[in-house]
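Inspection log for the structure reproduced underneath, given as structure tokens.
The shown structure was predicted, so the numbers you read here are calculated from the model rather than taken from an experiment. Atom set for the values below is all heavy atoms of this structure, side chains included, hydrogens, waters and symmetry mates excluded.
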Amino acid sequence: MAAAVAEGFGGPERVEIVRVPVPRPGAGQVRVRVRAAGLNPVDGAVRAGVFGGEGQRLGFGWDVAGEIDELGADVAGWAVSDRVVGLHYGPVKPLGTHAEYAVLDASALAAAPVTVDQVTAAALPLSGLTAARAVDLLELPAGATVLVTGAAGAVGGLAVQLAARAGYVVTALAGADDEELVRSLGAAHFVPRGSAPAAGSVDGVVDTAVLGGPALALVRDGGSYVGLIPHAAPAPERGVRVVEQEVAADGAHLARLVTLVDAGELTLRVARTFPLAEAPKAHAHLADPGTRGRIILTA
């Protein structure tokens, strides 16, 4: 099968399409015929060597949407041809979901949404689970004021929707041209990038833009700050509760997000699509400013 990999660290030029054996599922695993897979910033970080893996073949891709192709031993509740979405967790791996087939733990899968196509569904697993965990970690009462930084991005846009649905009064921090978008996602208030609310003026922050200290300063004493990158959050101060979300492959949680998609309560956004054969080109577009939604590879 074809798969996108890199044999060393570097820029998009290090990504190549190679032929590798089709993987087989082990006990508790399934093989998925990949139809669409998200390209996320973490893939660029893997390619750049942020997570290590020197001397190893680096596979890309965490999100997947497709059909089950083969069941491993001891897998119950799934059948060949079931349409699924899932999260293939792990930064350093020889193969990811940017391939024609991918093997995942059965516990990482959820039935695919029925109201969107597979390309759109592939935008859900990593971004959706990241945003949902971040909002859950706020642990604030309904009616609390929450600022989402990077609110027009793939994760930020989902965090806005989920925070509003949780009963929070959401302020979106995004580019000046994004006000209409973020308000349509549920933001009650808007702050253009380059400005900010008064210090200590919100109960909590979901910092999808990874602003760190400047975002923490906007939280009232005793509030909550949620970061998205492990070990990168600012030090706690003023009694602010500082926590970091770390995504996990959780099929049950993913299934709840699929239910929201099918109910029309969670909007997924696709910025661009590329065929798997053009994965190097897709990587070159990964850092484009103004990308609104997820880049998807189709296999």
Return yes if some donor-acceptor pair links the side-chain N/O of [X] with the main-chain N/O of [Y] below 3.5 Å, else return no.
| X | Y | value |
| --- | --- | --- |
| K281 | E278 | no |
| H98 | T298 | no |
| D105 | A108 | no |
| R83 | V114 | no |
| Q161 | G157 | yes |
| E100 | A2 | yes |
| D178 | L181 | no |
| T130 | S127 | no |

task = Go through the side-chain N and O atoms of D262 and T259 and say whether any donor and acceptor fall under 3.5 Å apart.
result =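 No, no side-chain donor-acceptor contact under 3.5 Å.
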ask   = Between D207 and Y225, does any side-chain donor sit less than 3.5 Å from a side-chain acceptor?
value =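 Yes.
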Nearest-0.5 Å distance, [atom1] of residue [X] to [atom2] of residue [Y]:
| X | Y | atom1 | atom2 | result |
| --- | --- | --- | --- | --- |
| W62 | T97 | CH2 | OG1 | 10.5 Å |
| R269 | L185 | CZ | CG | 5.5 Å |
| L254 | R256 | CG | CZ | 9.5 Å |
| H189 | E179 | NE2 | CD | 11.5 Å |
| R31 | D69 | CZ | CG | 4.0 Å |
| R193 | L173 | CZ | CG | 7.5 Å |

ask   = Given the rule in the side-chain contact (heavy atoms from CB on, under 4.5 Å) test, do V64 and V85 qualify, once you have shown the distances and angles that lead to the verdict?
value = CA-CA 6 Å; V64 65; V85 290; over 6 Å; no
Where is the tightest heavy-atom contact between [X] and [Y], given as atom of each residue plus distance?
| X | Y | result |
| --- | --- | --- |
| L211 | T149 | CD1-CG2, 3.8 Å |
| L71 | W78 | CD1-O, 3.5 Å |
| A279 | A4 | CB-CB, 3.9 Å |
| V247 | Y89 | O-CE1, 3.3 Å |
| A121 | L268 | CA-CD1, 4.3 Å |
| A172 | A187 | CB-CB, 3.7 Å |

With heavy-atom distances below 4.5 Å as the criterion, would you say the side chains of [X] and [Y] are in contact?
| X | Y | result |
| --- | --- | --- |
| T208 | V206 | yes |
| D250 | R133 | yes |
| Y101 | E70 | no |
| V240 | S224 | no |
| Q29 | R24 | no |
| L162 | L266 | yes |
| V148 | T171 | no |

request  = Provide the full list of salt bridge (charged side-chain N to carboxylate O under 4.0 Å, His left out) pairs with a residue in residues 230-241, sequence neighbours left out, each pair given once.
outcome  =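 Residue pairs passing salt bridge (charged side-chain N to carboxylate O under 4.0 Å, His left out), neighbours aside: E139-R241, D221-R238.
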message = Please determine whether side-chain contact (heavy atoms from CB on, under 4.5 Å) holds for the pair L228 and E244, giving the CA-CA distance in whole Å, both sets of side-chain angles, and the decisive distance to 0.1 Å.
response = CA-CA 6 Å; L228 265 64; E244 299 169 323; over 6 Å; no
Check for me, please, whether [X] and [Y] land in the same ILVMFWY cluster - side-chain distances under 4.5 Å, paths through other members count.
| X | Y | result |
| --- | --- | --- |
| L87 | L257 | yes |
| L260 | L124 | yes |
| I296 | L129 | no |
| V169 | L147 | no |
| L138 | L158 | yes |

query = Is the CG atom of D177 crowded by more than 12 outside heavy atoms at less than 6.0 Å?
reply =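 No, because the 6.0 Å sphere around CG of D177 holds 12 heavy atoms or fewer from other groups.
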request  = Carefully, step by step, assess L95 and M1 under the rule side-chain contact (heavy atoms from CB on, under 4.5 Å).
outcome  = CA-CA 11 Å; L95 289 173; M1 69 172 186; 3.9 Å; yes
task = Please say which of V219, L140, D203 ends up in a side-chain contact (heavy atoms from CB on, under 4.5 Å) with T145.
result =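 Looking at V219, L140, D203, the match for T145 under the side-chain contact (heavy atoms from CB on, under 4.5 Å) is D203.
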task = Could you walk me through whether R294 and V270 pass side-chain contact (heavy atoms from CB on, under 4.5 Å), step by step?
result = CA-CA 5 Å; R294 185 58 65 220; V270 173; 5.6 Å; no
What pairs of donor and acceptor atoms, side-chain ones from residues 43-57 against any protein atom, are under 3.5 angstrom apart with sequence neighbours left out?
residue	atom	partner	partner atom	Å
D43	OD1	G61	N	2.9
D43	OD2	N40	N	2.9
R47	NE	G10	O	3.0
R47	NE	G11	O	3.4
R47	NH1	H283	ND1	2.8
R57	NE	E7	OE2	2.8
R57	NH2	E7	OE2	2.9

For R35, all residues meeting salt bridge (charged side-chain N to carboxylate O under 4.0 Å, His left out), sequence neighbours excluded =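 For R35 the salt bridge (charged side-chain N to carboxylate O under 4.0 Å, His left out) partners, ignoring immediate neighbours, are E67.
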